[in-house]
Chemist: 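Take a look at this one; I'll ask things after.
Each chain gets a letter, A, B and so on, in the order its sequence line appears, and its residues count up from 1. Predicted model only: the values in this text are computed from it and were never measured.
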2 protein chains.
Amino acid sequence: MSNVKDTCQVEFVHSDNVNQVNSMMESDDNLFELAELFKAFGDSTRVRILHALTFSELCVCDLAQLLNMSSSAISHQLRVLRGQKIVKYRKDGKNVIYTLVDAHVLTLLEQGLQHVKE
Amino acid sequence: MSNVKDTCQVEFVHSDNVNQVNSMMESDDNLFELAELFKAFGDSTRVRILHALTFSELCVCDLAQLLNMSSSAISHQLRVLRGQKIVKYRKDGKNVIYTLVDAHVLTLLEQGLQHVKE
DNA sequence: CCATCAACTGAGCATATGTTCATGTATACT
DNA sequence: AGTATACATGAACATATGCTCAGTTGATGG
């Protein structure tokens with residue numbers, strides 16, 4: 001038989017903690033946006049793009065060469081990164097040159113890499 | 001007609017940059033793991049779990065109450081977070097109590113939140 | 001003006017992901 | 001032992017995601 005509620009029966013297990021934590025939590029909107037931000041970092045192609053931009057500004061074409069992928073695929077991913085304000089771009093003739101938005105992004109990448117290499 | 005190669009025709013657009021960056025890039029393995037790490041942060045439910053654990057250790061039951069979700073759903077997500085060594089746990093009777101692994105995780109969450117609130 | 005190239009975009013498709021449901025496991029209590 | 005509770009897990013299903021393909025836009029140069 002299935003449970004009516006798949007949560008704890010005995011009121012709260014640690015109700016004091018739960019209530020206190022609940023009062024300190026960020027808004028759901030902020031946390032949703034935070035998840036969207038990390039989601040943008042959470043793809044092989046996109047981290048490789050971002051990691052490359054750590055060293056130098058690059059155009060779509062450069063990135064396609066560097067990652068050995070179609071420029072269409074790169075462009076699609078850059079769109080995601082632009083959407084989350086992780087990269088910015090400037091036009092240079094036919095080329096569009098991308099850079100990381102700010103130091104936050106760099107810090108996130110570095111902290112993440114440090115964690116991976118522990 | 002479709003292009004034979006959907007990359008730039010004129011050798012490299014900025015071949016010096018591309019070559020130099022290529023030599024500085026982390027291994028694909030590391031970057032793949034980095035993407036997996038961020039992917040684990042990249043879900044509403046999981047960031048809410050992590051954000052909650054920022055304030056206090058909590059058992060599965062607490063988290064289910066706090067996020068108003070089934071303990072099964074929480075458990076599945078905690079599995080992902082354990083897999084990436086983002087949370088650790090200890091048993092306390094029938095309960096399993098979760099905490100963030102280390103300060104790296106906290107830093108990542110804080111940097112991310114700061115970016116979201118710019 | 002026309003051709004070429006870098007970049008962007010929408011549709012389509014195969015794969016990945018998150019939740020529910022049902023069941024399994026471990027611990028505590030009588 | 002038997003029951004109840006907390007947690008974990010596998011299957012199934014609906015949705016999300018990343019790439020390719022085809023076509024479009026905008027800039028450059030003959």
Chemist: Could one point to a donor on the side chain of S72(B) or the base of dC21(C) with an acceptor on the other under 3.5 Å away?
Modeler: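 By the distance-only test, yes, there is a pair.
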Chemist: Considering just the side-chain nitrogens and oxygens of Q77(A), establish if one lies under 4.0 Å of OP1 or OP2 belonging to dT17(D).
Modeler: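 Answer no for this pair, as no side-chain N or O of Q77(A) is under 4.0 Å from OP1 or OP2.
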Chemist: Please name all residues satisfying side-chain contact (heavy atoms from CB on, under 4.5 Å) with Q114(A), sequence neighbours left out, ordered by chain then number.
Modeler: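 If we apply the side-chain contact (heavy atoms from CB on, under 4.5 Å) test to Q114(A), skipping adjacent residues, the hits are Q111(A), H104(B).
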Chemist: With a 4.0 Å limit, can you tell me whether R79(A) has a side-chain N or O closer than that to the phosphate oxygens OP1/OP2 of dA7(C)?
Modeler: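 Checking R79(A) against dA7(C): no side-chain N or O falls below 4.0 Å of OP1 or OP2.
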Chemist: Scan residues 77-102 of chain B for pairs that pass salt bridge (charged side-chain N to carboxylate O under 4.0 Å, His left out), counting only residues two or more places apart or in two chains.
Modeler: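 Salt bridge (charged side-chain N to carboxylate O under 4.0 Å, His left out) check on residues 77-102 of chain B returns E57(B)-R90(B).
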Chemist: Using a strict heavy-atom distance below 4.0 Å, which residues from residues 36-49 of chain B are in contact with DNA chain C?
Modeler: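 Under 4.0 Å from DNA chain C: K39(B), D43(B), T45(B), R46(B).
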Chemist: Counting only heavy atoms and a strict 4.0 angstrom limit, can you tell me which residues of residues 88-98 of chain B come near DNA chain D?
Modeler: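 Heavy-atom contacts with DNA chain D come from K94(B), N95(B), V96(B), Y98(B).
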Chemist: When rounded to the nearest 0.5 angstrom, what distance separates CG in D62(B) from CD1 in I74(B)?
Modeler: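 Here the rounded value is 10.5 Å.
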Chemist: Report yes or no: is there a donor-acceptor pair, N or O only, under 3.5 Å between the side chain of H76(B) and the base of dT17(C)?
Modeler: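 Under the 3.5 Å cut-off, the side chain and the base do not form any donor-acceptor pair.
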Chemist: Whole-Å distance between dA7(C) P and L58(A) CG?
Modeler: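 Taking atom P of dA7(C) as the reference, CG of L58(A) is at 11 Å.
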Chemist: Mind checking what makes side chain to side chain donor-acceptor pair (under 3.5 Å) contact with E36(B), not counting sequence neighbours?
Modeler: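 Once residues adjacent in sequence are excluded, the partners of E36(B) under the side chain to side chain donor-acceptor pair (under 3.5 Å) criterion are K39(B).
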Chemist: Send over the distance from L78(A) CG to dT17(D) P, rounded to a whole Å.
Modeler: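 It works out to 17 Å between those atoms.
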Chemist: Which residue pairs pass the salt bridge (charged side-chain N to carboxylate O under 4.0 Å, His left out) test with at least one member in residues 107-118 of chain B, sequence neighbours excluded?
Modeler: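 Sorted pair list: E26(A)-K117(B).
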Chemist: What pairs meet the side chain to side chain donor-acceptor pair (under 3.5 Å) rule with one or both residues in residues 45-55 of chain A, with sequence neighbours excluded?
Modeler: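 Of all non-adjacent pairs touching residues 45-55 of chain A, those that pass side chain to side chain donor-acceptor pair (under 3.5 Å) are R46(A)-Q77(A).
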Chemist: Taking CG from L67(B) and P from dG18(C), how many angstroms apart are they, rounded to a whole number?
Modeler: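 One finds 15 Å between P of dG18(C) and CG of L67(B), rounded.
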Chemist: Look at the side-chain N and O atoms of S70(A) and state whether any lies under 4.0 Å from the OP1 or OP2 oxygen of dT20(D).
Modeler: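 For S70(A), the contact criterion (side-chain N or O under 4.0 Å from OP1 or OP2 of dT20(D)) is met.
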Chemist: Which residues pass the side chain to side chain donor-acceptor pair (under 3.5 Å) test with S56(A), not counting sequence neighbours?
Modeler: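 If we apply the side chain to side chain donor-acceptor pair (under 3.5 Å) test to S56(A), skipping adjacent residues, the hits are N17(B).
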Chemist: Over how many whole Å does the gap from N68(A) atom CG to dG18(D) atom P extend?
Modeler: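 Rounding to the nearest Å, CG of N68(A) and P of dG18(D) are 19 Å apart.
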Chemist: With sequence neighbours excluded, what pairs up with A52(B) under the side-chain contact (heavy atoms from CB on, under 4.5 Å) test?
Modeler: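 Applying side-chain contact (heavy atoms from CB on, under 4.5 Å) to A52(B) gives V21(A), M25(A), L58(B), L63(B), L66(B).
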Chemist: Can you tell me how far C1' of dC7(D) sits from NE2 of H14(A), to the nearest Å?
Modeler: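 Nearest whole value for this atom pair: 14 Å.
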Chemist: If you check the S75(A) side chain, which of dT9(D), dC8(C), dC19(D) turns out closest?
Modeler: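 The answer is dC8(C).
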Chemist: Could you state the CG-P distance from L81(A) to dC8(C), rounded to the nearest angstrom?
Modeler: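 Distance, rounded to whole Å: 12 Å.
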Chemist: Would you tell me if any nitrogen or oxygen in the side chain of R82(B) comes within less than 4.0 Å of OP1 or OP2 on dC7(D)?
Modeler: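 It does not, given that no N or O in the side chain of R82(B) lies less than 4.0 Å from OP1 or OP2 of dC7(D).
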Chemist: Report the relative orientation of the aromatic rings in Y98(B) and Y89(B); use parallel for angles under 30°, tilted for 30 to 60°, perpendicular for over 60°.
Modeler: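 Because their plane-to-plane angle lies in the 30° to 60° range, the rings of Y98(B) and Y89(B) count as tilted.
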